[in-house]
Amino acid sequence: MKFPCNASSQLLARPTACFVFDTSRSQFHSLASNIEYFFNMRGLGGATQKEQTRDELLEAVRAERVARSGAKQRARAAGVIQRIWRGHRARRQLRETLVSEWVASYGPMVGSPAARLSGREVADKLLPPLLFLLKPTVAAAAAAAAHSLPAVQPSPTTPGMAATGSSPGMAVWDGFAVSSAAAGMAVPLPPPGSPLSNMIRGSLALLLRTCSATDPRDSYLALGLMGEEPRRAAWREQAWRLLSTCCRLVGSPRRLDAAPPRHHQQQGDGQQSRGLAAATAPLAAAAPSGTAAVAAVAAVGSDLVIDAVAIRLAALLTDAASWKCLPATGSSSSSSSGALEASAAEHAAAHLRRRLAQHPHCLFAALARLLAARQQQQGNLTAEGVVAAPAVVGQQQQLSRLLGLVLAVLRPALDLDPDVNSRKAGSPVGAATVAAAPGALCGGGGGAGPPPPLFLGGYPECLSAFCRFVLVAPGLVGQVPQDMQVRLRSSGAFARLCRSVRQQLADRTVGDATAAACCLTNLLQMLLGPQMHSPGPAGQGAGAVGDGGGAPGVLSAPPDSLWGPGGEVAAELAATAAALMEHMARARLYGSPELAAAVSGLWPLAQRGLLVPLLVALESRSGGVESYSEMCCVAIELLPRLSAAFSDTGVRADVPGLLNALAFSPGVLPRMWRWLCFALRLPRECPAAASRGLDVAALAGGYAGLQPRSARVLGLFCRVYAQLLLVLDDGEFYELQQPLDLAAARAVGTSLNSLVFHTYLPKPHADGSRAVSAPGPGDADFALLIEWAPRLLRALYERDVRRPYCQSLLWLAPYREMFGSEDEQPGQAPPHHHRPDDDDPFASAASAPDPSDSRIGPFTAGTVLHALVYGGGGGVSAGGTGGADEEDEGDISAPGGSPALQTRAGEGCRPKSLASLLRVSPQAVPFSRRVDLLRALLAEDKRRGGWELPRHAGGLQPIKVTIRRGSLIEDAYAGLAHKGAELKARLQVVFVNEAGMTEAGLDFGGLQKELLERVVSAGLDANYGLFTSTPDGLVYPNPAAERLDGGLALLEFMGLMFGKALYEGILLPVPFAHFFVARLQGRQPLFDDLSSLDPELHKNLLMVKRYEGDVSDLCLTFSADTDFLGCPVHHELLPGRGDMPVTNESRLLYCHLLADWHLNGKLGAPTAAFARGLFSLIPQASLRLFNPREFNQLLSGATADRPGGGGAAPLDVGDMRRWTRYSGGYSADSATVKLFWRVVSELTPDQQSALLRFATSCSRPPLGGFRYLQPPLTVHKVECDAGMFAVIGGRDVDRLPSASTCYNMLKLPNYRRASTLKTKLLYSITSGAGFELS
């Protein structure tokens, strides 16, 4: 055959082309395809088509290869399917043959009670086909599981019930994840009524009959006692297969369809089927009776006949005492041979129990299925309101018998406990209990000797299966016999159970949160059962709580012996409870009824009877307190999440309140503090007169210097103590000194103060090593400490502010230790800076210093402010420029800066560190430094907004307002109330006097100060009804202002006026009540703040709180009544339950609700209105830098917060004189100036205040002294003529003093005599005139 050159070359290029003519069919097809390919390349006219590229040819070849490979795979798959089908058909035919042979051979015997089978025939002919047919296969189990009910059927409305975090190859069984191999060991039961089901029933009936025979020749059990050892070993192996098959039958998934399929009903002989049904009728005595019971059992797919017989057979095989083929005790045959037979029987039964302990999954899976069926059956009966039928009672008996088998298998593992062995050997009661245990557990009579001990490698698997399948069942402990509860409660057994549970958690084989909660509930019930009592009326008694769930009960204090030697049981319980609750916290929480029932069983965790003894038992154990704290911390994190989950789904659940239980348990906080002092080397007490050691050296590293577990203990202490302080009144804290005495409370304060301070400003290490970075809030060990150490410190500090119990040095000790005392800070006048308004002709001779240049520690206020506002370390440096490196900014030791300040701060001292400290603990920085920071903040805001610049320098247009002195509030409200934040601009005020004439004067700040002070004074007038005062004279908004026409709007305007005063640094003679300041700062006033609002009400509530009788006799309800303009107003403290009476249990809630209503509820709207105006000019965060007393100093001066309302106090004339400047020819040595200061020192405090108002428009001295008065107070000389003898009584100067308040300038004529100066000065400052005297 010849081809064209181009075609042949293309064919040769194809790697699969074959031109060797052979008889092979594949080669022939390859040649034919190539020939076809060649002819396809030519068109109708003989022209060659476009040649294909090499890549296209290769792609075509690859496609051919894939097609051929697919054809081969399909052929192989078809062959495999045919072989599997042929094998399946052969196995099915074999099963049908075996069933038919069984029916023919043994079917008639089942219905004949007199028919007997020998033990050998049972072993050789009856059992092998049965065991073969019931041999478990993974494929069969998977097929059955597709049509069966799982061990625990999750609710269709309950998502997330699958195992969380389970490993690959794991299946969910009753809330715990088991291996797929273990799940595949289940035996799928055929439908009831099918030939195979009848065969199983009949075989079990014959087995039960022969195992109960008394004649050894007819007893299958006797085969284990006769013959040589190989025959007995073969019997033991077959008996083990039978025992495991019985357990698998009970634990097998049940089909949902109770009716047998039609094709099964048509198979077999009808006569034999009817005979089998009649034969198994006696076994069905325990079958359900009643329609509701039948429906309940059918709902779970249960087969009580198979369950009952299989459990009975398993009990017979493992309890030699119930073997009737043995000679009876006391009979004539009871000889040495009989004793040997009994010993051999016990050895055989013990061997089976030991094998079952080595492979316990089938046994515990059976128990788990029965428990799940019982739980669902009870739920169905309860939902339908049906009384439990006899079948339910029978099922309960089966469950008890199987549970006895479980505990009998588990007993060898428990016998390894030395405490149990010692009690068995030394206690008569214990010996009797142990002797009776086998019969009691396995349902047989008589007591045999103890079985051979379980080898050490077997009991962990047994305990693991017990924990995996049994401990997760709700209410299981109520089914455990009392003697076995004693065993499980022993220290060694309980400790091993706890360790096994933790191992399951480590292996990630634990299911969802419900399974973990049930496990913890059962552990608590198992350990504390005798101490758990249900609450009941007097006379009924307190019976033991039968299960883990239900309503919370009462827990009596357990004996010390319960915790084991060295507190082993207590340590294991704490560690296991923490691990289980941590697993619940990691899982997705859904508030299902199942989870609610499980969580309700955790009520012992919130009982003093457990918390205090558990801490006492762990206190002396190494790592015990850490384990206790870990358990409590995890619970504190978990329980609120559970409450939220149940609230979202509307499911009612009794979530235990662990936090309150810890706070109110006596002895918990003192013991924890004692342990912390020993472990962390903290001061246990701090004397009130102590001045050294207030900076705790052991806490110089802050949080980073603590060990993680110790940090968790300290965090728990802070959380619990802070919770208690919320409800602890001053009488309990100061007089009764609960829970800690005042010396210990001071020690807590100084320790936390050092800890928080050095967390942000650590001391350098002695060895020069670098500081360790502080842990973050995401660290689980430090999370509670980081959040609650500053809160507890603040709570202790605020209590000290309200009623001092600490020395003032305590809160500033770390600051002074690191940066020196306040007196060591630079105290000279701030340096002068040129400002844009210095060229103003009306400007003062000396302009104001820049507040950003003041010092806070080693940094400038501007640098710290930048870090505080923007969270960084950069800001304004000492030279006034920004953008420098973080390490150099604000460093006063840098070249060109101020003289270096000697500090003891480590390398972690940065502006952002000091800013972080101010956020969490501002009281650790001196008050004057915080004032400097506030001034720097306001000055920076003025610079950024251009509020202080004059118009010609690019500033904003001043706000012009005209005020009639007879209508201050009305005119000011009309002109300024709508401005809001625009009030940061300058005000140009024009006053109109009572005569209607405009007063002379230019407003460069003085008239603004006068306006603010007079408007505020007018707003406090009782006729407006905007404000009221406490008995101490402290001001707060009137609660009735909300009901006045325009009252809230006026309160918002007053907030603007106070904000403007703070913004401009103008002091107002108005001290605010502390609870009102707390509301402005965003905090909630507490119970004891009521003493300043209404001392009588506070006293009455304290009487209710401490009433020793029955509070219900006082006829109090959860409601409050008030009066508004003679009209009573009723308020319900609990919405919808205002008529609920107050009892001894609810009186604490009543006291705090009533106090909260008076402090927060009534003042809510008025306070919010005032705050809106105030926060338009002053950021709320800046107010949190100060306590209420300091806030009043900011607002009203140094004496504002003293009792009586903060009236006028004597001026510090020396400080005023030190910072006063002179002009016009005066100097400090001028005669008139000396007379002036002598007269000022002789004035009364009210006259001194009037003088200050006359010169500066403000009656209060500047906060921090006259060094902060800007412009500085200036005494200007007014040259006037006087008589020659004016000094000795002649005519003196007649001119009155005047003032330019905008420049803080007093224009003082040059008087010659002190009497004249005093007379003229008093006339001027008390005349009340405006600018007429100018």
Side-chain angles (χ1 to χ4, degrees), residues 174 185 187 204 207-208 211-212 221 236 239-252 286 304 306-323 345-346 348-374 394-415 434 436-448 450-452 454 458-459 461-471 473 476-485 487-488 493:
D174 195 45
M185 298 300 288
V187 177
L204 292 179
L207 277 170
L208 184 60
C211 288
S212 302
L221 301 176
R236 289 195 296 268
W240 159 244
R241 292 179 59 193
L242 175 61
L243 175 61
S244 60
T245 300
C246 290
C247 294
R248 293 190 188 103
L249 282 174
V250 179
S252 63
L304 294 182
I306 293 180
D307 290 347
V309 180
I311 293 174
R312 180 59 179 162
L313 280 174
L316 284 173
L317 289 172
T318 55
D319 183 17
S322 60
W323 290 11
E346 180 57 37
H351 172 81
L352 295 177
R353 292 198 299 269
R354 187 161 56 249
R355 291 285 299 271
L356 199 57
Q358 296 170 13
H359 308 282
H361 295 288
C362 57
L363 174 63
F364 289 104
L367 181 60
R369 195 201 64 78
L370 284 185
L371 289 170
R374 169 180 170 267
Q395 191 178 29
Q396 180 68 26
Q397 294 175 355
Q398 298 167 18
L399 179 61
S400 300
R401 182 176 287 115
L402 184 60
L403 184 60
L405 175 59
V406 169
L407 298 177
V409 173
L410 189 63
R411 185 182 60 182
L414 303 180
D415 285 341
V434 172
L441 291 174
C442 298
L454 188 67
Y459 82 84
E461 186 68 21
C462 190
L463 291 177
S464 174
F466 180 81
C467 299
R468 182 178 301 175
F469 293 101
V470 176
L471 283 183
L476 171 70
V477 179
Q479 311 296 328
V480 178
Q482 292 297 323
D483 56 346
M484 187 51 64
Q485 287 194 35
R487 290 178 175 273
L488 294 174

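Scope of the values below: all heavy atoms of this structure, side chains included, with no hydrogens, waters or symmetry mates. This structure is a prediction, so every number in the text was calculated from the model and none was measured. The residues of the chain are indexed from 1 along the displayed sequence.
R401 has no carboxylate O lying under 4.0 Å from a charged side-chain N of D319, or vice versa, which leaves the two without a salt bridge.
Across all their heavy atoms, S322 and L316 have their closest contact at OG-CD2, 3.5 Å. Contact record, A366 with C247: CB-O, 3.4 Å, taken as the closest heavy-atom pair. Q398 and A308 get closest at one heavy-atom pair: NE2-CB, 3.4 Å. Taking every heavy atom of both residues into account, L352 and R236 meet most closely at CD2-O, 3.9 Å.
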Task: Test log, rule side-chain hydrogen bond (donor to acceptor under 3.5 Å, both in side chains), inputs R241 and T245 - done: CA-CA 6 Å; R241 292 179 59 193; T245 300; over 6 Å; no
Quiz item: Passes side chain to side chain contact (heavy atoms under 4.5 Å, CB included), D307 versus R369? Steps please.
Solution: CA-CA 11 Å; D307 290 347; R369 195 201 64 78; 2.9 Å; yes
*asked:* If you apply the rule side chain to side chain contact (heavy atoms under 4.5 Å, CB included), what do you find for L313 with L243, and how did you get there?
replied: CA-CA 8 Å; L313 280 174; L243 175 61; over 6 Å; no
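For the pair L367 and L399, the minimum side-chain heavy-atom distance is below 4.5 Å. Residues L221 and L317 form a side-chain contact, since some pair of their non-hydrogen atoms from C-beta on lies under 4.5 Å apart. Residues L405 and L363 form a side-chain contact, since some pair of their non-hydrogen atoms from C-beta on lies under 4.5 Å apart.
Here the side chain of R353 pairs a donor or acceptor atom with the backbone of T318 at under 3.5 angstrom.
Distance check: I311 CD1 to L370 CG gives 5.0 Å after rounding to the nearest 0.5 Å. In this structure, CZ in R354 is found 12.0 Å from CH2 in W240, a value given to the nearest 0.5 Å. Of the inter-residue distances, the one linking L249 atom CG with I306 atom CD1 reads 6.5 Å to the nearest 0.5 angstrom.
Classified by interplanar angle (parallel below 30°, tilted 30° to 60°, perpendicular above 60°), the ring pair F364/F466 is perpendicular.
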